[in-house]
**Student:** 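Once you've had a glance at the structure underneath, I'll fire off some questions.
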Amino acid sequence: MRVDPYHDGNYGPRMINYDNVTLRRFTPLDYWKLFFPTEKINDILSFSNERLCNRCPPITEEEFLKFVGILYAMTVQNIPTRRDYWSITDGLFLVPAFGRRFGMNKHRFEEIMNVLSFHPIDSE
């Protein structure tokens, strides 16, 4: 990726959105990963999975990224309670239906939210 200061007679920066090595176009996820410490995802998963109950399936990288995406979506659509993001009942406003839209049910989202950890469990 590079910034090109000149294009078609117009001066000003524009972003070239492809990878110089693979020549593939960047996706929104690629851009997001430029600002998120992706090398830490395995640590976050390891620390968080240590806190899960034995019956709960471990959190995968795909699930973690989906979880973070849902958190971002929650900042765009302001709703009074977290539970309401999974509502599918029509009312005065459009229903968010996050479970259908993002493929993660409320129960799993809450499980991840409750165990999310960025450091190991203290050993005493």
Side-chain angles (χ1 to χ4, degrees):
M1 180 171 50
R2 65 180 167 68
V3 174
D4 187 358
Y6 178 79
H7 179 67
D8 296 335
N10 296 316
Y11 289 92
R14 73 180 174 99
M15 197 172 294
I16 307 300
N17 59 349
Y18 62 87
D19 184 339
N20 288 330
V21 176
T22 64
L23 298 181
R24 105 183 144 72
R25 294 183 68 80
F26 282 113
T27 66
L29 180 59
D30 293 325
Y31 286 115
W32 179 79
K33 285 180 174 181
L34 291 173
F35 297 97
F36 188 86
T38 54
E39 66 278 0
K40 296 295 182 188
I41 289 178
N42 287 334
D43 290 338
I44 295 168
L45 291 175
S46 175
F47 303 149
S48 299
N49 283 329
E50 284 181 38
R51 290 174 162 74
L52 277 173
C53 70
N54 293 336
R55 296 183 317 266
C56 299
I59 304 164
T60 64
E61 182 174 343
E62 179 183 350
E63 241 181 349
F64 174 73
L65 294 174
K66 194 178 290 190
F67 171 83
V68 171
I70 290 171
L71 289 175
Y72 280 132
M74 287 176 162
T75 66
V76 174
Q77 191 169 1
N78 191 13
I79 294 179
T81 68
R82 199 175 347 176
R83 176 186 68 236
D84 292 336
Y85 286 99
W86 278 263
S87 174
I88 56 172
T89 306
D90 284 330
L92 183 59
F93 302 102
L94 293 174
V95 295
F98 273 22
R100 271 191 260 154
R101 286 172 61 193
F102 299 111
M104 180 180 287
N105 65 42
K106 182 178 114 12
H107 179 73
R108 184 59 173 174
F109 179 86
E110 294 291 340
E111 276 179 348
I112 295 171
M113 179 66 97
N114 289 332
V115 299
L116 187 63
S117 181
F118 299 93
H119 59 86
I121 295 175
D122 295 333
S123 54
E124 295 181 45

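The basis for the numbers below is simple: all heavy atoms, side chains too, and nothing from hydrogens, waters or symmetry mates.
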**Student:** Could you give the distance from CZ (Arg101) to OH (Tyr85), rounded to the nearest 0.5 Å?
**Tutor:** 10.5 Å
**Student:** Please report the interatomic distance CG(Asn114) to OG(Ser48), rounded to the nearest 0.5 Å.
**Tutor:** 11.0 Å
**Student:** Would you call the rings of Phe36 and Phe64 parallel, tilted or perpendicular, taking 30° and 60° as the class edges?
**Tutor:** tilted
**Student:** Report whether Ile79 and Ile88 are members of the same hydrophobic cluster (ILVMFWY, side-chain heavy atoms less than 4.5 Å apart, transitive linking).
**Tutor:** no
**Student:** Are there over 12 heavy-atom neighbours, none belonging to Glu62, within less than 6.0 Å of that residue's CD?
**Tutor:** no
**Student:** Only counting residues at least two apart or in another chain, list the ones meeting ring pair (Phe, Tyr, Trp, His ring centres under 6.0 Å) with Phe67.
**Tutor:** Phe109
**Student:** In Å, rounded to the nearest 0.5 Å, how long is the span from CE of Met113 to CG of Leu71?
**Tutor:** 5.0 Å
**Student:** Between Val115 and Ile59, what is the shortest heavy-atom contact and its length?
**Tutor:** CG2-CD1, 4.0 Å
**Student:** I'd like to know if Leu65 and Phe102 are part of one continuous hydrophobic network [Ile/Leu/Val/Met/Phe/Trp/Tyr, side-chain heavy atoms within less than 4.5 Å].
**Tutor:** yes
**Student:** Test Phe98 against Met74 for side-chain contact (heavy atoms from CB on, under 4.5 Å), laying out the working first.
**Tutor:** CA-CA 9 Å; Phe98 273 22; Met74 287 176 162; 3.7 Å; yes
**Student:** Could you note down all residue pairs passing salt bridge (charged side-chain N to carboxylate O under 4.0 Å, His left out) where residues 63-88 supplies at least one of them, sequence neighbours left out?
**Tutor:** Glu63-Arg108, Arg82-Glu110
**Student:** Atom CZ of residue position Arg100 - does it have more than 12 heavy atoms of other residues, nucleotides or ligands inside 6.0 Å?
**Tutor:** no
**Student:** Say you draw a straight line from CG of Asn49 to CD1 of Ile44; how long is it, rounded to the nearest 0.5 Å?
**Tutor:** 11.5 Å
**Student:** Quick one: do Phe47 and Phe118 end up in the same hydrophobic cluster if we chain Ile, Leu, Val, Met, Phe, Trp and Tyr together by side-chain heavy atoms under 4.5 Å apart?
**Tutor:** no
**Student:** Between OG of Ser117 and CG of Leu52, what distance do you get to the nearest 0.5 Å?
**Tutor:** 11.0 Å
**Student:** Just verifying a value: how many Å separate Leu45 CG and Leu116 CG, rounded to the nearest 0.5 Å?
**Tutor:** 9.5 Å
**Student:** So, for Pro96 and Gln77, which heavy atoms are closest and what is the spacing to 0.1 Å?
**Tutor:** CB-NE2, 3.7 Å
